[in-house]
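Since the structure comes first, as structure tokens, the remarks are kept for the end.
Treat the numbers as computed from the prediction; the structure is a model and nothing was measured.
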Amino acid sequence: MSYANRILGSIPYGRLIGGPMTAAVEAQAQAAQTSIDFIRSVGFTKAPPAAGESEDEQEFGDVRMVSFTYKSRNAEGALDDITLTVPILTIVPIPYLRIDDMTIDFTSKITEEMVRETNKIGEISSDTELDASYKSFLSPVKVGLKASISTKHSSSKSTSNRYKTEHTININVRAVQDDIPGGMGRILDLFETAITEQTE
């Protein structure tokens with residue numbers, strides 16, 4: 001099995017793909033809990049929990065109302081002070097975040113580099129020497145010759161493979177404001193009927 005196949009076979013795809021998806025599900029659950037906490041804390045006034053009652057078991061309590069006072073001209077042309085009482089949940093946006101799209105991009109890059117090193121050393125030397133003599137009365141000659149040849153050769157060769165592995169994972173998550181659930185929509189419709197206008 002090649003090095004690339006071994007690397008690809010050892011990649012934990014289950015964790016790489018399942019991990020972000022599990023995180024997205026947990027994020028969605030946290031977003032839903034955030035919506036519940038917002039509605040509880042902003043939209044309702046709750047009394048202190050009874051003895052032995054945890055905060056999660058406590059009822060939401062009474063609807064939190066806000067009052068506005070403004071001036072309005074009546075039929076006679078005079079200005080009247082008008083007090084408008086409105087449930088606060090009807091005038092503030094309720095956070096309903098939903099993960100609309102999730103994309104997981106995983107890239108594995110394996111690079112193989114082969115390195116070859118070759119060293120050669122060569123040496124040749126030659127020495128020559130000859131001893132000979134010839135004598136005559138006209139031209140006495142003496143010749144010397146000595147020969148020696150040596151050769152030296154050295155060679156080394158090495159090959160090595162180098163591998164480089166890079167992994168990249170990109171996770172793109174798109175969250176949008178979800179539509180109000182049907183039950184909450186009906187509650188808000190009931191709250192709208194509780195809006196009162198009072199002339200002072």
Side-chain angles (χ1 to χ4, degrees), residues 7-110 165-200:
I7 291 297
L8 292 176
S10 64
I11 294 174
Y13 293 102
R15 291 200 300 269
L16 289 173
I17 298 175
M21 294 184 67
T22 301
V25 173
E26 293 175 352
Q28 185 70 67
Q30 292 177 5
Q33 185 62 46
T34 300
S35 299
I36 295 174
D37 295 340
F38 178 86
I39 294 171
R40 183 195 297 269
S41 61
V42 175
F44 296 86
T45 59
K46 57 181 180 180
E53 184 182 32
S54 65
E55 186 176 350
D56 293 335
E57 297 172 343
Q58 186 183 4
E59 298 294 336
F60 274 37
D62 297 331
V63 176
R64 189 186 300 275
M65 309 291 287
V66 292
S67 298
F68 303 94
T69 301
Y70 65 97
K71 294 184 179 295
S72 177
R73 194 174 298 276
N74 57 25
E76 288 78 17
L79 292 177
D80 294 331
D81 291 330
I82 306 297
T83 300
L84 184 67
T85 304
V86 182
I88 194 171
L89 285 180
T90 62
I91 59 175
V92 296
I94 301 175
Y96 281 110
L97 291 181
R98 173 177 58 89
I99 295 178
D100 180 64
D101 181 71
M102 180 177 180
T103 304
I104 302 174
D105 297 324
F106 175 73
T107 303
S108 180
K109 180 180 179 182
I110 302 174
T165 305
E166 297 178 1
H167 301 304
T168 303
I169 183 169
N170 297 320
I171 302 172
N172 300 316
V173 179
R174 178 175 177 267
V176 297
Q177 174 73 6
D178 201 4
D179 296 333
I180 295 177
M184 191 64 199
R186 294 186 61 182
I187 292 174
L188 292 178
D189 291 340
L190 293 175
F191 285 173
E192 288 182 359
T193 62
I195 297 175
T196 59
E197 202 175 54
Q198 182 178 358
T199 304
E200 297 182 359

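One finds the CD1 atom of Ile94 at 5.0 Å from the CG atom of Leu89 (value rounded to the nearest 0.5 Å). Note that the CD1 atom of Ile88 and the CZ atom of Phe191 stand 11.5 Å from one another [nearest 0.5 Å]. Considering OG1 of Thr193 and CG of Leu188, their distance stands at 11.0 Å, rounded to 0.5 Å. Atom CD1 of Ile99 is separated from atom CZ of Arg174 by 12.0 Å, given to the nearest 0.5 angstrom. Atom CD in Gln30 sits 10.5 Å away from atom CD in Gln28 (nearest 0.5 Å). Taking CG from Asp80 and CG from Asn74, the interatomic distance works out to 4.0 Å, rounded to the nearest 0.5 Å.
The local environment of CE in Met65 is crowded, with over 12 non-hydrogen atoms from other residues, nucleotides or ligands closer than 6.0 Å.
Checked by atom type and distance alone, the side chain of Arg64 pairs as donor or acceptor with a backbone atom of Val42 at under 3.5 Å. Under the 3.5 Å distance criterion, the side-chain polar atoms of Arg98 are left unmatched by any main-chain donor or acceptor of Asp179. A donor-acceptor pair under 3.5 Å links the side-chain atoms of Ser35 to the main chain of Pro95, judged by distance alone. With hydrogens and angles ignored, the 3.5 Å screen pairs no side-chain donor or acceptor of Glu192 with any backbone N or O of Pro87.
The shortest heavy-atom contact between Thr196 and Leu84 is O-CD1, 3.2 Å. Taking all atoms of both residues into account, the shortest heavy-atom contact from Met184 to Tyr96 is CG-OH, 3.4 Å. The heavy-atom pair separating Ala24 from Met102 by the smallest distance is CB-SD, 3.5 Å.
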message: Run Asn172 and Asp105 through side-chain contact (heavy atoms from CB on, under 4.5 Å) and show every step you take.
response: CA-CA 8 Å; Asn172 300 316; Asp105 297 324; 4.2 Å; yes
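A side chain to side chain contact (heavy atoms under 4.5 Å, CB included) with Phe68 holds for exactly one of Thr83, Ile82, Thr85, Ile91; it is Ile91.
Looking at Phe44 and Val63, their side chains come closer than 4.5 Å, going by heavy atoms from C-beta outward.
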